[in-house]
Protein chains: 2
Amino acid sequence: MAERAVHARQRRADGERTRTAILDAAVRLSTVDGLEGLSIGNLAKDLGMSKGGVYAHFDSKQDLQLATVEAAGAIFRSEVIEPALTADPGVPQLLAFCDAYFDHLERRVFPGGCFFAGAALEMGTHRGPVQEKVAEFHSGFIQLIREFVRTAVGLQQLPPDEDPAALALELNGTLLAADTSFVMYDDPSVLDLGRRVVRRRLGRTEARGNETPAKISNPR
Amino acid sequence: MAERAVHARQRRADGERTRTAILDAAVRLSTVDGLEGLSIGNLAKDLGMSKGGVYAHFDSKQDLQLATVEAAGAIFRSEVIEPALTADPGVPQLLAFCDAYFDHLERRVFPGGCFFAGAALEMGTHRGPVQEKVAEFHSGFIQLIREFVRTAVGLQQLPPDEDPAALALELNGTLLAADTSFVMYDDPSVLDLGRRVVRRRLGRTEARGNETPAKISNPR
DNA sequence: AGAGTTTGAGAACGATCGTTCGTTCTTAGT
DNA sequence: ACTAAGAACGAACGATCGTTCTCAAACTCT
């Protein structure tokens with residue numbers, strides 16, 4: 001996005017390929033061990049190359065972390081956000097977004113669960129450039145949900161008094177809680193529960209007061 | 001709680017005090033650096049004692065982690081769960097529980113945010129005794145919310161078709177999302193938002209359909 | 001008071017951490 | 001084809017990791 005300093009050192013084609021491979025592994029490993037727990041040695045071992053070889057592509061570990069966050073963001077955008085944008089604006093988009101989130105967990109796009117859920121909680125307490133970048137993504141994530149809600153309210157698919165910030169917190173929370181339980185117990189059924197919760201919350205909100213409540217199948 | 005092995009080695013009074021102080025610091029540090037990021041050296045430095053001194057109280061780092069989780073659990077129980085139990089059963093207890101959670105964040109009982117939110121996401125990917133202990137607490141946490149919901153349904157304070165597992169996921173999610181944002185932006189206003197969300201969700205659910213919606217001030 | 005144990009300091013261990021360096025091999029531009 | 005530069009290796013750096021050991025001081029109990 002932003003140009004690197006004054007002299008952006010140019011890369012060779014094979015170097016670019018390697019750099020991509022490194023970041024791919026870095027994203028994968030850091031969803032399991034965290035951005036701090038990610039080590040150059042493990043990364044090099046995972047890739048079958050030397051520590052020095054890895055280091056040739058990054059100025060420091062922090063530089064590697066920043067690039068890793070960026071790479072994870074690109075994956076998240078293409079796997080979760082872009083699919084959601086193909087749905088109709090308003091509630092359908094909101095639903096598509098949540099479904100895409102649950103789906104990317106179920107497909108194990110990141111082996112250790114949602115990258116940004118882990119990164120946000122891990123880096124939230126460590127102020128610095130990496131935390132700022134994570135916060136930037138997290139903030140954009142929240143703003144996106146709020147925007148979806150505002151659009152849905154504007155289309156009268158949600159009640160006019162629906163607070164976008166409040167509903168965004170609810171939905172973000174449901175995604176977070178589902179991710180946490182999914183990672184902890186490795187049980188996809190919590191994702192179904194999450195999908196049901198989101199549907200119930202967004203489903204029949206525009207018509208109020210006189211229809212029979214939605215019947216939600218409740219095993220147990 | 002459980003007796004230690006066959007020979008529970010007896011401790012001296014001063015040793016018990018030191019052990020408590022170590023665990024206090026360990027809980028504090030691990031909410032900032034994580035349970036894996038917690039190191040004996042940092043812990044000793046924080047306490048002004050030697051690594052060997054710390055090690056006299058624990059068999060291994062894993063033993064220290066297990067004791068740290070236990071200590072954090074005791075703090076969480078006395079700071080969040082017990083206050084909630086003094087409220088009337090049903091929705092009031094559910095509300096008191098969520099409020100106590102937001103309060104313990106605001107009072108910064110743990111300097112790095114909710115201990116178990118961080119621990120669950122960090123240890124979820126690292127199977128082993130520590131993960132099992134964290135999962136045990138997490139599971140008890142969820143079960144407790146579900147029990148509160150069941151009680152509230154039994155008392156007809158919530159609709160009879162309210163799914164305890166689904167509502168527990170919603171509430172747990174709201175707490176989680178508030179914790180994440182609070183830690184990331186160090187902004188207490190998200191806790192107020194969380195309190196409002198919980199109140200709206202639990203507030204006017206028993207009477208349905210004909211009262212005017214609650215006016216929620218929304219200063220962007 | 002004396003025996004026996006726990007506590008805690010301090011040094012040391014091998015391993016790994018992030019990082020630097022010098023060298024060799026490969027690619028890209030002329 | 002020649003050359004300048006990037007790519008990757010492998011060794012090494014000091015620091016820190018978890019862990020083990022020894023030893024002196026402090027406490028508990030009879």
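Heavy-atom basis, side chains included; hydrogens, waters and symmetry copies ignored. Letters go in sequence order (proteins before strands), and every chain restarts at 1.
- Side-chain atoms of B/D33 and A/H126 form a donor-acceptor pair, as typed in the model, at a separation below 3.5 Å.
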With sugar-phosphate taken as primed atoms, P, OP1 and OP2 and all else as base, the protein-contact string of nucleotides 18-30 of chain D at under 4.0 Å (heavy atoms; B, S, -) is BBB-----BBS--
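- Here B/R17 does not pair with B/D14 in a salt bridge; the nearest charged N to carboxylate O distance is not below 4.0 Å.
- No side-chain donor-acceptor contact under 3.5 Å links A/Q65 to the backbone of A/S60.
- Here C/dT27 presents its P atom at 20 Å from CZ of A/R19, a figure rounded to the nearest Å.
- As rounded to whole Å, 15 Å separates atom P of D/dG10 from atom CG of A/L47.
- The aromatic rings of A/Y101 and A/F141 sit tilted relative to each other, their planes meeting at an angle between 30° and 60°.
- Between the C1' atom of C/dT20 and the CZ atom of A/F58 lies a distance of 17 Å, rounded to the nearest Å.
- By the 30° and 60° cut-offs, the orientation of the rings of B/F76 relative to B/F97 is perpendicular.
- When distances run from any side-chain atom of B/N42 to the nucleotides C/dT7, D/dG10, D/dC17, the shortest one goes to D/dC17.
- With salt bridges taken as basic N to acidic carboxylate O contacts below 4.0 Å, none links B/R200 and A/D163.
- Spacing between atom CZ of A/R11 and atom P of D/dA8 amounts to 12 Å, rounded to whole angstrom units.
- The side chain of A/H57 places no N or O atom within less than 4.0 Å of a non-bridging phosphate oxygen (OP1 or OP2) of D/dG6.
- Atom pair B/L43:CG and C/dA9:P shows a separation of 12 Å (rounding to whole Å applied).
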